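Before any comments, here is the structure.
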2 protein chains.
Amino acid sequence: MPNDKITSLDVAKRAGVSQSAVSRVFTKGASASQKTIDKVRKAAKELGYRPNVLARSLITGRSRIVGLVVAYLDNYFYPVALQKLSNALKEEGYHVMVFMASDTTKDIERVVDEMLDYQVDAIVAASVPLSSDLAGRCRDEGIPLVFFNRSQAGENLTSVTADNYAGGKEIARFLAAHHPERIGYIAGFEGASTQRDREAGFLDGLNAAGREVSSRTVGNFNTQETRAAALAMFSTPRHPDAVFVANDHMAFTVMDVLRSELHLTVPGDVILVGYDDVPPAVWAGYSLTTVRQRTGRMVEETVKVLMNAIATGEAPVANIKIAGPLIVRGSAPAPKGWAG
Amino acid sequence: MPNDKITSLDVAKRAGVSQSAVSRVFTKGASASQKTIDKVRKAAKELGYRPNVLARSLITGRSRIVGLVVAYLDNYFYPVALQKLSNALKEEGYHVMVFMASDTTKDIERVVDEMLDYQVDAIVAASVPLSSDLAGRCRDEGIPLVFFNRSQAGENLTSVTADNYAGGKEIARFLAAHHPERIGYIAGFEGASTQRDREAGFLDGLNAAGREVSSRTVGNFNTQETRAAALAMFSTPRHPDAVFVANDHMAFTVMDVLRSELHLTVPGDVILVGYDDVPPAVWAGYSLTTVRQRTGRMVEETVKVLMNAIATGEAPVANIKIAGPLIVRGSAPAPKGWAG
DNA sequence: AAGAATAATGCAATCGAATGCAGAATAACG
DNA sequence: CGTTATTCTGCATTCGATTGCATTATTCTT
């Protein structure tokens, strides 16, 4: 109640200069004499003044807010990414506003509206399918948009993803080297580019090794369906003895089903590989062999693209792919002669 | 490039009304005739107009932004909470801006400054120790502040937490009912109220049952130290056969150490209870008995308190505790005659 | 149908800072 | 030391809305 809103004018009065002078001191790139700077800084400190970002945004037309749209936060991958993104943007003087979107088109549309209302300077869409007209809206408004962990084929949009195709291929090479009897694949949500690319790489890789998938079911990136998919695949005597599950979270579920419900051992009866390398993959209870998503690099690239787009005003169309290594752990040990 | 910034003035022109009229149509609580509303809505739709939230904030003095400070996002508990908080606030027309803070005082101070710069209407501090002068700053600025999942003793601040004391006590009752030989406790970071309250409840509960802790080590809420703490506690032959670990993530680590490194079985050799009920607790690989934090309720209460504080302008001092049930799973099955 | 009460509207000021412009102060230079 | 080139500074305007006030249009009463 004592001090209600210190404005640049208050500081100006106390420092004996004009309001513009105060503004200039706090606007980098503006010119002010050392004497003025000192006076203003001193007065500002005494009053506890800090520029009102919102007011500044109004006139500069930049809010320094980046909108992040996410559908789920319950896949470990996203919180990790969010954390890194937030930190990286902080370095650039930007901040993240979180927008949750359920998967319905209607909802996503509303979310985009809300982001525009807040005048976000850029949008990061993490695994959220923005329709092309929504993406167009953003382009029209001049707001750079990056798809994180999803690419949208055909349309010239910017995306940053893991090199899912290469990863899938590497997993194929790895599993084939074990010379298993039968190879299975448990797919994620078919609409997701991650799913498609991983599978495509996997199939091509198997092909190159003269192998193919003997069994395929769909887990849709959720626990319930994954459990069903695992049961369907492994309830028969001639089940696969090697399986690639499209992401880590599904892989955990599959492993649980194998061990607890079907009394199969991993890696004894079945060797199993996931994708993402989320934190629990390293936990001894799972010790999952998987391909790492290099979240740090992905975030770095995302920030770089965004900052560049904001600076130049023109969004570069690019599909950036970050390759990640295969991390060999207990669920699928290295085959004889495996060099990595 | 075609349409650069549609303002209320553009809409006004097209609808043949004054700019104030447009504003009134989009400001709820303002009066406008049906005719005007229709004209404006139509023009707005045609032009794709939406009010600029930042401009509005400037004059109303409310940004409709809630600042969330978090230190870690790598404990599953926080992403879940964030997701719920974001959704709950969306209902109220607010949005969450995320601020990551490392544990250093300096950094937290900077973060608070940044939040104030953005004119946030309220602050939620999740497990971050805001010093009392920082809290005072917020109070002075009239910004309601809620501690989420941490309480700060003595100082009259608002907090929303689980009823950690009661939870700890219940765990004691539960473990005592197993009549174990020796009972252990692995503590979290001693500066955290969650840690202190859980332990206090646990000790009092044991006491009431005529038991006490035979071994205590500290895991500090992080993996490395927890592993060391577990090794220290269980490397001796007369190790505890029942243990309460201060949170789930540490409990997973402990379980991993017991099983993979010390070749002890859970629950055969040791029964083990955690706290939080984060998603992996239900995974078959762990199947952890734990006390649930009712995140949904906690978030609800947080939002309620904040909205009320924003509306009335006066922050109510309250320490809201949400009790949560003990969830019995495989790591510590129900003892004979356990009713819950 | 006239007068009172209420609702709707436009005008103009305002929120807090950034910035173009023109004039003042300082620096640079010969 | 006089000029010219720079750097500073203040004035006034602007960003895109909201809102108090005065005025006009409606609705309600009787």
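All values reported here derive from a predicted model rather than from experimental measurement. By convention in this document, chain letters (A, B, ...) are assigned in the order of the sequence lines, proteins followed by strands, and residues within each chain are numbered from 1.
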What are the bounds, 5' to 3', of the part of DNA chain D that sits under 4.0 Å from heavy atoms of chain A? D/dC8 to D/dG16
For [X], what residues pass the ring-ring contact (aromatic ring centres under 6.0 Å, His included) criterion, not counting sequence neighbours?
X	answer
A/F26	A/Y49
A/Y78	none
B/Y118	A/H95

Establish, from distance only, whether the side-chain atoms of A/R64 and A/S57 form a donor-acceptor pair under 3.5 Å. no
Going by the rule side-chain hydrogen bond (donor to acceptor under 3.5 Å, both in side chains), which residues pair with B/D38 if we only count those two or more places apart in sequence or in a different chain? B/Q34
Partners of A/R62 by salt bridge (charged side-chain N to carboxylate O under 4.0 Å, His left out), sequence neighbours excluded? none
Checking A/D117 now: which residues fulfil salt bridge (charged side-chain N to carboxylate O under 4.0 Å, His left out) with it, not counting sequence neighbours? B/R50
The contact string for nucleotides 17-27 of chain C, one letter per nucleotide 5' to 3', using protein heavy atoms under 4.0 Å with B, S and - for base, sugar-phosphate only and none, comes out as BBBBB------
Which donor-acceptor pairs under 3.5 Å do the side chains of residues 13-23 of chain A make with protein atoms, sequence neighbours left out?
unit_1: A/R14; atom_1: NH1; unit_2: A/E46; atom_2: OE1; d: 2.1
unit_1: A/S18; atom_1: OG; unit_2: A/S20; atom_2: N; d: 3.4
unit_1: A/S18; atom_1: OG; unit_2: A/A21; atom_2: N; d: 3.2
unit_1: A/Q19; atom_1: NE2; unit_2: A/S8; atom_2: OG; d: 3.4

Output the rounded distance in Å from CG (A/L58) to C1' (C/dG16). 9 Å
